[in-house]
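In what follows, chains carry the letters A, B, and so on, assigned in the order in which the sequence lines appear, proteins first and then strands, with residues in each chain numbered from 1. The model shown is predicted, which means the values in this text are computed figures rather than measured ones. All heavy atoms count here, side chains included; hydrogens, waters and symmetry mates do not.
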Amino acid sequence: MKNNFSQRVKTVVINIPRGQVMTYGQVAAVAGSPRAARAVGNVMKNNFDLAIPCHRVVCSDGSLGDYNRGGSKVKKSKLQAEGVRIKGNSVIFN
DNA sequence: TAGCTGACGCAAA
DNA sequence: ATTTGCGCCAGCT
């Protein structure tokens with residue numbers, strides 16, 4: 001049910017500080033399943049919760065991934081606006 | 001109950 | 001650097 005994992009994922013993402021990004025795998029790991037990166041993405045797209053800064057969640061290789069609110073370009077812009085360094089179409093972890 | 005899908009992750013070619 | 005294939009987990013049909 002969506003009261004253990006998905007809820008967990010939401011909480012984790014909401015707890016991501018501004019100017020900071022996390023990978024799906026990392027979020028999944030914190031949520032309780034280090035291999036549930038896909039499940040994390042599924043949760044995000046299924047949950048249109050504005051309280052969840054899904055744009056702070058990116059792929060492990062730095063790719064932006066997708067975004068249910070305007071596309072990867074909007075996601076990229078948002079991250080840049082928060083102080084996250086973007087290289088081309090990828091995020092730079094610091 | 002079983003099967004398919006998907007905003008991923010990693011390895012190999 | 002890019003593409004292909006396989007594995008993983010949770011949710012939906």
Nucleotide B/dA7, atom P - distance to CG of A/D61 in whole Å:
16 Å
Under a 4.5 Å cut-off applied to non-hydrogen side-chain atoms, are A/L50 and A/R69 in contact?
yes
Whole-Å distance between B/dA7 P and A/I16 CD1?
19 Å
Contact residues, residues 21-51 of chain A to DNA chain C [heavy atom, < 4.0 Å]:
A/S33, A/R35, A/A36, A/R38, A/A39, A/N42
Flag the pair A/Y24 / A/C59 as yes when at least one side-chain heavy-atom distance between them is below 4.5 Å, and no otherwise.
yes
Whole-Å distance, A/D66 CG to B/dG9 P, equals 13 Å
Under-4.0 Å side-chain N/O to phosphate OP1/OP2 contact, A/S60 with B/dC8
no
Would you name the heavy atoms of A/V40 and A/A28 that are closest together and state the gap between them?
CG2-CB, 3.5 Å
Side-chain heavy-atom pair A/V57, A/I16 within 4.5 angstrom cut-off
yes
Mind checking the CZ-CD spacing from A/F93 to A/Q26? Nearest 0.5 Å is all I need.
9.5 Å
Measure from the side-chain N and O atoms of A/K10 to the backbone N and O of A/A51, and report whether any donor-acceptor pair falls under 3.5 Å.
no
Which nucleotides of DNA chain B pair, in dot-bracket form (Watson-Crick or G-U under 3.5 Å, | meaning another strand):
.|||||.||||||
Do the side chain of A/K75 and the main chain of A/D66 share a donor and acceptor less than 3.5 angstrom apart?
yes
Salt bridge (charged side-chain N to carboxylate O under 4.0 Å, His left out) filter on A/R38, not counting sequence neighbours, yields none
